[in-house]
Every structure is written in C-alpha cells, then in structure tokens.
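Each remark here refers to the structure printed beneath this line.
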Amino acid sequence: MSNATTTGREAQIVADPDIPVITITREFDHPPAKVYRAWAEPELVKQWMGPRSVDMDIERWDCSTGGGYRYTATRDGEELAHFYGCFHQAVPGERLVQTFGFEEMPEAVSLEIMEFEPLDDGTRCRIVSRSIMESMEAQAGMMASGMEVGVQEGYDKLDELLAAEGAA
C-alpha cells in the first residue's frame with residue numbers, strides 16, 4: 001500500500017510505505033528536450049517553480065554536471081524559505097540527478113533522480129522524479145510540508161510556460 005495523492009490530471013505523488021522515497025510522475029504535451037530546457041535555464045525556472053503565491057529569487061542556477069543552485073522563495077517581498085543543492089548529473093533531455101536541501105531544515109537533504117521519458121514518438125514527455133530521503137520520518141515530514149501545492153501549481157505553471165513558447 002502506498003501513500004499517494006493526486007489532483008486532476010496533474011502530478012501523481014507517491015510515498016513508498018517501506019523505504020524513504022517519494023516518486024512524482026507527470027506528463028507534459030511537449031518533447032523532453034523542451035521540458036528539460038525549462039528546467040535548465042534559470043530565467044525559465046524562475047517563471048514556473050513553486051506555488052503561484054510565491055516568487056523564486058534565483059541566486060545561482062548552474063544546471064550542469066558538477067553545478068549547483070541556491071534560491072529563495074518570497075511572498076510580497078518577505079523571504080519564506082531558502083533552498084540549495086548540487087547537480088550531480090545533467091544529461092540534456094534525458095536525466096537530472098541532484099541533491100535538494102532546505103536551509104531551514106538542514107537535516108532534510110534528499111537525492112533526486114529525474115528521468116525525462118519520451119512519449120508518442122518524442123512529441124510528449126513523462127517526468128518521473130524519485131526523491132530519496134534519510135529516514136521514514138523525513139519522508140513523512142516532506143509529505144506533510146505542503147509540497148503537493150508547490151509541485152502541482154509549479155507543474156501547471158510549467159505547462160503554461162511551455163504552451164506560451166509554442167512548439168519546440
């Protein structure tokens with residue numbers, strides 16, 4: 001049995017009941033290379049990442065193997081949270097392996113593995129993201145953190161950004 005949440009046609013978020021892993025799956029009506037680009041370029045990331053009520057102030061975003069990132073979530077000019085991590089592997093259009101850290105909870109570092117799977121002869125894409133945490137308590141804390149809103153609304157904004165940019 002899993003602890004899954006789903007909203008409409010949007011991302012499926014599943015917490016594995018036996019190991020501290022959360023898997024997020026979402027499909028996009030755009031090719032993997034285009035979706036990956038929106039993940040790799042900071043000016044695009046800033047437009048879609050996180051809930052609609054929050055802005056992302058990206059201080060550093062080097063989406064390359066060995067690169068890293070740090071950004072701050074703000075609302076009405078107030079800093080809400082700070083995030084950081086390293087990109088361990090960046091294969092354009094195919095795969096990202098990164099750490100994810102939350103400065104306000106430094107013990108909650110996770111390893112994220114994202115696969116950009118081509119669908120329908122590569123005209124569409126499925127992202128499967130697996131987050132591996134240190135403990136079942138960390139997994140439960142992540143699921144209870146409100147992350148679902150950020151994931152769902154962020155992916156909705158990504159869909160809108162990709163549609164506004166037209167075909168790849």
**OP:** Taking all non-hydrogen atoms of both residues into account, name the closest pair between Ala11 and Ile24 and its distance.
**Re:** CB-CG2, 3.9 Å

Original post:
Counting only N and O atoms by type, is there a donor-acceptor contact under 3.5 Å from the side chain of Ser135 to the main-chain atoms of Ala138?
Top reply: yes

Original post:
What are the two closest non-hydrogen atoms of Ile19 and Met136, and how far apart are they?
Top reply: C-SD, 3.3 Å

**OP:** Compare all side-chain heavy atoms of Ile127 with those of Trp39 and state whether any distance is below 4.5 angstrom.
**Re:** yes

Subject >> Reference residue Phe28; test ring-ring contact (aromatic ring centres under 6.0 Å, His included); the match among Trp48, Tyr155, Tyr36 >> reply: Tyr155

**OP:** Check whether any side-chain heavy atom of Gln152 lies under 4.5 Å from a side-chain heavy atom of Ile13, and answer yes or no.
**Re:** yes

Subject >> NZ/NE/NH1/NH2 to OD/OE distance under 4.0 Å, Arg52 and Glu160 >> reply: yes

**OP:** Name the orientation class of the two ring planes belonging to Tyr69 and Trp61 (parallel below 30°, tilted from 30 to 60°, perpendicular beyond 60°).
**Re:** tilted

Original post:
Among the clusters formed by ILVMFWY side chains lying less than 4.5 Å apart, do Val97 and Phe83 turn up in the same one?
Top reply: no

Original post:
In chain order, what residues pass the side chain to side chain donor-acceptor pair (under 3.5 Å) check against Gln98, with sequence neighbours excluded?
Top reply: Glu112

Subject >> Carboxylate-amine/guanidinium contact Arg26 Asp156, below 4.0 Å >> reply: yes

**OP:** Verify, without hydrogens or angle tests, whether Gln47 (side chain) and Glu43 (backbone) share a donor-acceptor contact under 3.5 angstrom.
**Re:** yes

Original post:
Can you tell if the side chain of Ile58 reaches within under 4.5 Å of the side chain of Val45, non-hydrogen atoms only?
Top reply: yes

**OP:** Find the distance between SG (Cys125) and CD (Glu117) and round it off to the nearest 0.5 Å.
**Re:** 8.0 Å

Original post:
Are any of the side-chain nitrogens in Arg37 or Glu165 under 4.0 Å away from the carboxylate oxygens of its partner?
Top reply: yes

**OP:** Please check if Met143 and Phe102 belong to a single hydrophobic cluster, counting links between Ile, Leu, Val, Met, Phe, Trp and Tyr side chain heavy atoms closer than 4.5 Å.
**Re:** yes

Original post:
Would you call Arg70 and Glu103 a salt bridge, taking side-chain N to carboxylate O under 4.0 Å as the test?
Top reply: yes

Original post:
If you look at every heavy atom in Ser131 and Ser110, which pair is closest and at what distance?
Top reply: CB-OG, 4.5 Å

Original post:
Could you give the distance from CE (Met142) to CE (Met105), rounded to the nearest 0.5 Å?
Top reply: 8.0 Å

**OP:** Check whether more than 12 heavy atoms from other residues, nucleotides or ligands sit under 6.0 Å from atom CD of Glu59, and answer yes or no.
**Re:** yes

Original post:
Would a 4.5 Å heavy-atom cut-off, applied to side chains only, mark Tyr71 and Asp55 as touching?
Top reply: no

**OP:** Applying side chain to side chain contact (heavy atoms under 4.5 Å, CB included), run through Asp16 and Thr23 and close with a yes or a no.
**Re:** CA-CA 8 Å; Asp16 190 299; Thr23 301; over 6 Å; no

**OP:** Report yes if some heavy atom in the side chain of Val14 is under 4.5 Å from a heavy atom in the side chain of Ile22; otherwise report no.
**Re:** no

Original post:
Below 4.5 Å, heavy atoms only, C-beta onward: do Ser129 and Ile113 meet side chain to side chain?
Top reply: no

Subject >> Closest non-hydrogen atom pair between Asp62 and Phe87, with its separation >> reply: O-CD1, 3.0 Å

Original post:
Got a second to check how far Met114's CE is from Gln89's CD, nearest 0.5 Å?
Top reply: 11.5 Å

**OP:** First locate atom CG of Leu80, then atom CD of Glu104, and finally report the distance between them rounded to the nearest 0.5 Å.
**Re:** 9.0 Å

**OP:** Give the minimum heavy-atom separation between Pro32 and Gly93, together with the two atoms involved.
**Re:** CB-O, 3.4 Å

**OP:** Could you grab the distance from atom CD1 of Ile132 to atom OG1 of Thr99, nearest 0.5 Å is fine?
**Re:** 12.0 Å

Original post:
Between the side chain of Thr72 and the main-chain N/O of His82, is any donor-acceptor distance below 3.5 Å?
Top reply: no

**OP:** Please identify each residue that fulfils side chain to side chain donor-acceptor pair (under 3.5 Å) with Asp120, with sequence neighbours left out.
**Re:** Arg124

Original post:
Heavy atoms, side chains only, cut-off 4.5 Å: are Val35 and Leu162 in contact?
Top reply: yes

Subject >> Sub-4.5 Å side-chain heavy-atom contact between His88 and Thr65 >> reply: no

Subject >> Rounded distance (nearest 0.5 Å) linking atom NZ of Lys46 with atom NZ of Lys157 >> reply: 11.5 Å

Original post:
Looking only at heavy atoms, which two atoms of Leu158 and Ala38 are closest? And how far apart?
Top reply: CD1-CB, 3.5 Å

Subject >> CD (Glu78) with more than 12 external heavy atoms under 6.0 Å >> reply: no

Subject >> Test applied, side chain to side chain donor-acceptor pair (under 3.5 Å); reference residue, Glu115; option that passes from Arg126, Arg95, Arg130 >> reply: Arg95

